[in-house]
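Keep in mind it's a predicted model, so treat the numbers as computed, not measured. Remember, it's 1-based here, ligands and their atoms both numbered in the order they're listed. We number each residue from 1, following the sequence as shown.
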Amino acid sequence: MPESVRLYNTFTRSVDPFQPIYAGEVRMYCCGPTVYSYAHLGNMRAYLFEDVLHRTLEKAGYQVKHVMNVTDVGHLTSDSDEGDDKMLKAAEREQKGVLEIAKKYENAFFEDCTALNIKRPTIVCRATEHVQDMIDFVKDLQDQGYAYVAGGNVYFDTSKYKGYGELARLDLENLQHGKRVDTDPNKRNPTDFVLWFTDSKFENQILRWDSPWGVGYPGWHIECSTMSMKYLGERIDIHCGGVDHIPVHHENERCQSEARIGHKWVNVWMHNEFLNMLDGKMSKSKGDTLRVQTLIDKGYNPLAFRYLFLTTHYRFVQKFSFEILDSAQAAYNNFRNKIIELKKNAPAFTVRAEALEETKKQFNACVFNDLNTSQALVVMWNCLKDEGLNPATKLAAVQDMDQVLGLGVDAIQEEKAQPVDAQVEDLLKKRKQAREAKDWAAADQIRDALAALGYVVKDLPNGETQLMTLTKRS
Ligand code: AMP
Ligand code: ZN
């Protein structure tokens with residue numbers, strides 16, 4: 001029987017006790033990366049939040065089925081056919097095929113996740129591999145009278161769905177009177193959105209598919225509803241993303257899904273607040289985006305960034321600067337040194353079961369209360385500093401906490417003289433061969449095996465491979 005967990009639900013705007021739809025199980029869907037460039041540190045905050053949520057639910061005793069999409073179709077900056085198709089732009093910029101671009105940035109994204117100890121979701125699904133499912137979804141909506149064709153495109157008619165705007169609490173009156181400026185003359189209502197494009201300003205769009213409405217490509221909300229339903233069924237427990245997704249992407253996902261199935265789709269909507277630079281927004285479209293590799297290049301341990309993330313509750317805006325990261329790195333180094341010391345001293349002691357249980361209880365009370373990670377860190381430091389606890393009990397307690405915190409306690413050890421042992425060298429050789437044979441699945445599997453040993457591999461533009469240990473840079 002899982003322990004009780006309380007979570008903030010954007011839909012109800014309150015922290016409610018979590019009730020799973022299926023006993024002992026959690027089905028959660030998280031909006032994944034758009035892979036036309038590297039993910040920035042703000043994006044990584046969203047994935048860190050989802051990882052801590054996943055780990056917390058597992059700690060509470062649930063079996064978690066976590067699905068995440070990869071948006072590898074051309075991504076527009078708005079619902080209408082305006083803005084840039086970023087995938088196409090990247091392909092032009094880098095003189096590569098669109099699918100090559102998508103694969104490159106998808107790999108980079110999962111390398112970043114590995115460096116931050118973010119567990120891979122149970123299922124990762126790519127938009128380009130589910131286009132027929134999306135077409136079937138749109139057909140269903142059209143058959144039920146929720147979609148209309150105008151100017152060659154298929155639109156969702158938001159006026160047909162009773163309750164449009166309830167998640168985001170949109171002021172539809174004001175939207176009707178033109179507050180949300182929209183230049184698409186085909187829409188019947190300002191909030192309507194495209195389900196399928198056939199008429200596009202992107203004549204050279206490479207990723208196009210045949211459909212009942214003509215050759216084209218999907219709108220940007222349909223993939224999440226489609227893949228979520230395909231892998232998790234018609235009712236899901238939790239749907240996550242950043243707060244920017246609430247008013248458009250998630251509202252649209254929700255309404256088209258509920259229109260199709262005729263009942264409630266998601267029980268708990270959860271959103272992380274933004275990570276911003278001290279002087280403003282962190283955006284992927286600005287040229288000089290900060291990413292995990294930037295931190296590694298500057299000599300930071302990526303887990304210091306994970307530590308920083310944990311210091312602020314996910315529903316509060318978090319600020320980033322290198323001075324702030326310096327403090328997190330110092331705290332992480334301190335933590336690491338304490339773990340090394342505990343690992344040396346623990347074998348001479350026995351774990352005190354009662355004290356261990358008490359510490360676990362205090363820690364769980366924090367994370368089970370809407371993921372209060374900052375308070376959980378306080379419990380962790382109190383435990384590490386507690387002179388009444390012996391090293392074996394402290395180490396057992398922190399190992400338990402690390403199931404949620406993911407600060408790499410098991411991998412932490414003193415620097416070894418020879419950094420690459422025979423096993424790692426062998427795996428690297430095999431990965432090189434797999435890459436040369438273009439066997440990407442095998443290469444990815446070997447990357448995961450290296451990650452399990454505590455190593456991150458980075459493929460350099462010159463074809464060489466750089467190897468980093470997760471605990472090296474402190
Ligand atoms: P995108 O690739 O733009 O769809 O973003 C991926 C995820 O990162 C989404 O869940 C966004 O809501 C989230 N996100 C984008 N920018 C930030 C930011 N500065 N801080 C936190 N989360 C963000
Ligand atoms: Zn989504």
Per-atom contacts of ligand 1 with [X], taking only distances under 4.0 Å to non-hydrogen atoms:
X      : result
Glu273 : 21 (C)
Asn272 : 21 (C), 22 (N)
Gly241 : 10 (O)
Asp244 : 11 (C), 12 (O)

Check ion pair Glu111-Arg447 (N to O, under 4.0 angstrom) = yes
Do [X] and ligand 1 have an N or O pair less than 3.5 Å apart?
X     : answer
Thr34 : yes
Cys31 : no
Gly42 : yes

Centroid-centroid distance, His250 to His239, less than 6.0 Å | yes
Once rounded to 10°, what is the value of the angle centred on the Zn ion (ligand 2) between Cys224 SG and Cys31 SG?
-> 130°
Do we see a donor-acceptor contact under 3.5 Å between the side chains of His271 and Thr10?
-> yes
Does His40 approach ligand 1 within less than 4.0 angstrom via side chain, backbone, both or neither, non-hydrogen atoms only?
->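 The answer is the side chain.
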Give a yes or no on this: more than 12 heavy atoms of other residues, nucleotides or ligands lie within 6.0 Å of atom OH of Tyr22.
-> yes
Taking 2.8 Å as the cut-off, does an N/O/S atom of Glu223 lie below it from the Zn ion (ligand 2)?
->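 Given the 2.8 Å cut-off, Glu223 does not count as a ligand of the Zn ion (ligand 2).
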Does the cation-pi check pass for Arg260 over Phe137, that is, NZ or CZ under 6.0 Å from the six-membered ring centre and within 45° of its axis?
-> yes
